[in-house]
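First comes the structure, then the notes that go with it.
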There are 2 protein chains.
Amino acid sequence: MTMKNQLEEPPMQPEKTIRLFIADDHELVRDGIRARLEDDPSIEIVGEAANGKQAIERINAANPDLVLLDINMPEMNGFETVEQFRKLGMEQKVLFLSLYDNKEYVRRAKVLGTNGYMLKDVSQAEMIATISKAVQGGFHVTSSLDDCLDNTTSDLPMLTEREQEVLAAIAIGKLNKQIAGELNISVRTVESHRSAIRQKTGGGNAASLAKVASDLGLL
Amino acid sequence: MTMKNQLEEPPMQPEKTIRLFIADDHELVRDGIRARLEDDPSIEIVGEAANGKQAIERINAANPDLVLLDINMPEMNGFETVEQFRKLGMEQKVLFLSLYDNKEYVRRAKVLGTNGYMLKDVSQAEMIATISKAVQGGFHVTSSLDDCLDNTTSDLPMLTEREQEVLAAIAIGKLNKQIAGELNISVRTVESHRSAIRQKTGGGNAASLAKVASDLGLL
DNA sequence: TTGCGCCTCCGTAGAACTACTCAATTGCAC
DNA sequence: GTGCAATTGAGTAGTTCTACGGAGGCGCAA
């Protein structure tokens, strides 16, 4: 367990250009990223997509070193897209780009084995730095999120899958009875989950649970 | 009441450049806008701000023809910023820029007497076109929002102020009892408002009201 | 002045949720 | 196998919300 395998790709020149693929549903944001990075000779933008589906179709042809992936996209969001990558055997490095400094998002990004989480409010310098680091491997977040990293496994609510299902249903206004029907469990079980969710999240009534759900990115 | 006062600034050349001020909390988005507009000789970017407060401080010095204003900004959002403009006697034209195709936002933009509402997913061409139109006056929305315009006064829930206060409180998980205390009204009154809100929005239980509140931009 | 919308308040009945408690089953890790 | 977490289910009591019904005051506009 030495530091050897830190350099898996052997002959890496110091000035090798990074082949970057951008997936974001807003053309405006893509333009912004382009504008920022095109000055930098060490980064080359080799492709774009406006959603996860397009990304999957186009990435292999573009053969990027790193995929800059927005989380909130229509059709297929960033997380789902990465899951698809894995299923299809695509092993590109991924750096998430998101508007939200949401601990749960950061946690999921880490759990998925991606290489970083970057907020959209970063400066040009930090964006370039984070991209460079993500390409090397490991998991990197932009500075304002540093604190999310430490407690990423301990501090967070960490709802179980079932609890997340139930919470998502609660958040869109479903009644316990409906939820029970859809999940094929008894109303009492739904209540049990609900109560567990309340305990873990500190949320009180149904409305505040809805807020929690949206904070957790379950909608 | 002829059309005379439509041209208050008398000698307007056809190719006059538009002096544009950009207020958006994301440097990335500002960069994107810059990148898109800097090719166009008819638009000149004369200033930037990262929030409403900065915008107010800087706009007079920049003397723009049009302010491109993000809605979701920290400290002071776009709507509050415009209200401040008015209080301070600033009469610059305003074009909102937002991520959300939210009818209620469009309605508020219109009610505030601003000159348009542009989604952040517009193309470069449409962005330039909308800016040009907004500078001329009137109220303009980007194409995907056209349908919001017609029913902007009739179709929408149009909650009363009190109802909005109550809804906002519900959405963050407050109990009727708490709300009653804070608004100095009885619990029964809160219930009445709540029931009116349910009727107007179609929302059923508390959780779905929370969702409605967030859709309406009350949080 | 008459009407209308908004805000305020109330009663009753039932549905839904909250707050505690407990426990059987499954599967996974040590 | 023992322990632990996740999922499932239940009892009891109390609180909160929902769905009806009704009514008075106030301001504004036709």
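For clarity, every value in this text was computed on a predicted model and none was experimentally measured. All chains are named by letter (A, B, ...) in the order of the sequence lines, taking the proteins before the strands, and each is independently numbered beginning at 1.
Atoms CD1 (A:Ile197) and P (D:dA6) sit 13 Å apart, rounded to a whole Å. Rounded to whole Å, atom P of D:dA5 lies 13 Å from atom CD of A:Glu163.
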Show me the protein contacts with nucleotides 22-29 of chain D, counting only N or O atoms at under 3.5 Å.
none

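A:Thr142 has its side chain out of reach of A:Tyr117: every pair of non-hydrogen atoms, C-beta onward, lies at least 4.5 Å apart. Side-chain contact check for A:Leu99 versus A:Asn72: every heavy-atom pair is 4.5 Å or farther apart.
Nucleic acid contact for A:Thr189: base, since at least one base atom lies under 4.0 Å from a heavy atom of the residue. Using a 4.0 Å heavy-atom distance criterion, A:Ser186 is classed as a sugar-phosphate-only contact.
The outermost nucleotides of DNA chain C lying under 4.0 Å from heavy atoms of chain B, listed 5' to 3', are C:dC6 to C:dT12.
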Contact pattern, 5' to 3', of nucleotides 13-20 of chain D - B, S or - by protein heavy atom under 4.0 Å: ---SSBS-
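Under a cut-off of 6.0 angstrom, the local environment of NZ in B:Lys120 is crowded, with over 12 non-hydrogen atoms contributed by other residues, nucleotides or ligands.
Looking at A:Arg86 and A:Glu83, no side-chain N of the basic residue comes within less than 4.0 Å of a carboxylate O on the acidic one, giving no salt bridge. For B:Arg194 and B:Glu191, the salt-bridge test fails: no basic side-chain N is under 4.0 Å from an acidic carboxylate O.
A distance below 6.0 Å separates the ring centres of A:Phe79 and A:Phe96.
Residue B:Leu28 holds its CG atom at 8.0 Å from CG of A:Leu28, rounded to the nearest 0.5 Å. Remark: A:Leu216 CG to A:Arg108 CZ distance equals 8.5 Å, nearest 0.5 Å.
Classification of the B:Tyr100-B:Tyr105 ring pair by plane angle, with boundaries at 30° and 60°, yields perpendicular.
Looking at B:Ser186 and B:Thr189, their side chains do bring a donor and an acceptor atom within 3.5 Å of each other.
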